[in-house]
Amino acid sequence: MGESGSGRLAYNLRLWGRPARFLPSQKTSMLDIQLLRSQLDSVAQRLASRGKAIDFTEFTALETERKTLQTRTQELQNQRNTLSKQIGMLKGKGEDASAVMAQVAAIKSELDAAEARLNELLGQFNAILAALPNLPHESVPVGADETGNVELKRWGTPRAFDFPVKDHVDLGEGLGLLDFATAAKISGTRFALMKGQLARLHRALIHFMLDTHTAEHGYTEVYTPYLVNRESLFGTGQLPKFEEDLFKVPRGDADPFYLIPTAEVPVTNIVRDEILAAEALPLKLVCHTPCFRSEAGSAGRDTRGMIRQHQFEKVELVQIVRPEKSWEAHEELTRHAEIILEKLGLPYRRMLLCTGDMGFSSAKTYDLEVWLPAQGTYREISSCSNFEAFQARRMQARFRNEKNKPELVHTLNGSGLAVGRTLVAIGENYQNADGSITIPEVLRPYMGGATAIGPAA
RNA sequence: GGAGACGUGGCCGAGAGGUCGAAGGCACUCCCCUGCUAAGGGAGCAUACGCGCUAAAACGCGUAUCGAGGGUUCGAAUCCCUCCGUCUCCGCCA
């Protein structure tokens, strides 16, 4: 299966073809512009359900001016083009064209002004559109924040401990294998240093997840850049609104790079500006990367331990599918993430995020939350979203359908899983009274057959 | 980093300031012919947006797009500038 997976990618790459081109005047629309124009009311309503108010009067005013101005501009351009052709014909015949040239000159000043104003207007328009989040799917509950999320299922039973449970910090430091002080010396807060068997367990998790998704779930493994450009971040929706969450790498006069906050960015952007062959779909890609987040807005939250770090590892699942398949794919992809938790024997629950708690680009999101005994609660370990055509529209990612017409693909992704948090969950759920950690069965082959991590190990 | 070449539609490839959205070929779709596979003939075949028509399409008209952005010009695929990318040679580092 792993082999057919990589063969599939090579096949797909051949079918990917050459990039489509951006049309500067309308490239940034995120929601279907036609939908906005024709059904502003219902769009505004659905956006309001996720806390995004749309300024009706501003939008309508811009739209009205755009319409008349665009019509007028095109009219003038048409006149200019027609007259210019006449000049060409006259000159070709060696006749005098000065009368016609005077006519064009008369049009010119109005045309220049109209074009300038129209560009300005479209710029404003696009800025508004680019900042609008995706519309929630009808199955998404309306809610203001995480209290509106709905628990859909639970798997596994939290273990009963007959000794005081330690959290992962006490466990890891007790074993001498986890060291935040040194990480802080090297870099600062929100970094971790792991050693020995714990570092190996961390690596084992990555290998286990990748192997499972490639061999059993039909994904093709990819390796991508970790530094990306602005266009890619715009495509998946991190820009323009969430720049402060990202680490930015200046490059003198050149455009800056950004450290990826998730593999979603480089992997999904593989199909940016592409017209895929219908046979290339679905594309199922899995990718392990480090993720870098500034956590600018979460000062003071989860300061202890490795729950919330500036740098963490994640194995990400990405699917590029035909529009009519995306809801099916969403369920499938979420199951793929859940299976990792089940194989690891970690109790979890599946949450359906409400409108107010979903990410910017998502139409529907399931969060998987793993049981953390030390916190006595479930904590997010995976987030699986269907973006429908939202990212595809921003990226101009399309496929050629049966009518031979380019059509936007749907994109999905989900963590499968966040590695650091999985490590935390294993430590806390598999801890023993003596401070050692039992290694889950499925990871032992990756640990040289070891069954536990202990002070002696 | 230095020097040079290049970037045209799904693909290949002409085009060098005027009637070019772009010859020709391949691929694809439809039709005809041919009794199978092969071959031949004809037609069609970029995208987005606007306007008109429409229940919606189809369609018609228009505008923009020849790597991206800017400039010159009545008029730019074609000339100039900047950027991005690809290739070749040299240097440098592995």
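This one's a predicted model, so the numbers in the text were calculated from it and none came from an experiment. Residue numbers begin at 1 in each chain, while the letters A, B, ... track the order of the sequences.
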### Message
Just verifying a value: how many Å separate T220(A) OG1 and L285(A) CG, rounded to the nearest 0.5 Å?
### Response
6.0 Å

#### Entry: Distance, nearest 0.5 Å, that separates CD of Q311(A) from CZ of R293(A)
12.5 Å

### Query
So what does L83(A) touch, heavy atoms closer than 4.0 Å: a base, only the sugar-phosphate, or nothing?
nothing

### Message
Regarding R72(A), tell me which of base, sugar-phosphate or nothing describes its non-hydrogen contacts under 4.0 Å with the strands shown.
### Response
nothing

### Query
When the nearest nucleotide of RNA chain B is assigned to D255(A) and to Q77(A) on a heavy-atom basis, which residue is associated with the more 5' position?
Q77(A)

### Summary
Per nearest nucleotide of RNA chain B, the residue lying toward the 5' end, K67(A) or K108(A), is K67(A)

Does [X] place a side-chain N or O at less than 4.0 Å from the phosphate oxygens OP1/OP2 of [N]?
{"X": "R80(A)", "N": "A64(B)", "result": "yes"}
{"X": "K85(A)", "N": "G75(B)", "result": "no"}
{"X": "N78(A)", "N": "G62(B)", "result": "no"}
{"X": "N81(A)", "N": "A64(B)", "result": "yes"}

### Message
Please tell me whether Y258(A) and N229(A) have a donor and an acceptor in their side chains that are separated by less than 3.5 angstrom.
### Response
no

### Task
Nearest whole angstrom, please: distance from the P of C49(B) to the CG of L121(A).
17 Å

## Note on the structure
Y223(A) meets the side chain to side chain contact (heavy atoms under 4.5 Å, CB included) criterion, sequence neighbours left out, with Y226(A)

#### Entry: Gap in Å between the two C1' atoms, one belonging to A38(B) and one to G44(B), rounded
24 Å

### Query
What integer number of Å spans the C1' atoms of G24(B) and G17(B)?
23 Å

### Message
Are there runs of at least three consecutive Watson-Crick or G-U pairs touching RNA chain B, with each pair's two distances under 3.5 angstrom? Give them by first number.
### Response
B:1-7 with B:84-90, B:10-12 with B:24-26, B:28-32 with B:40-44, B:46-52 with B:59-65, B:67-71 with B:79-83

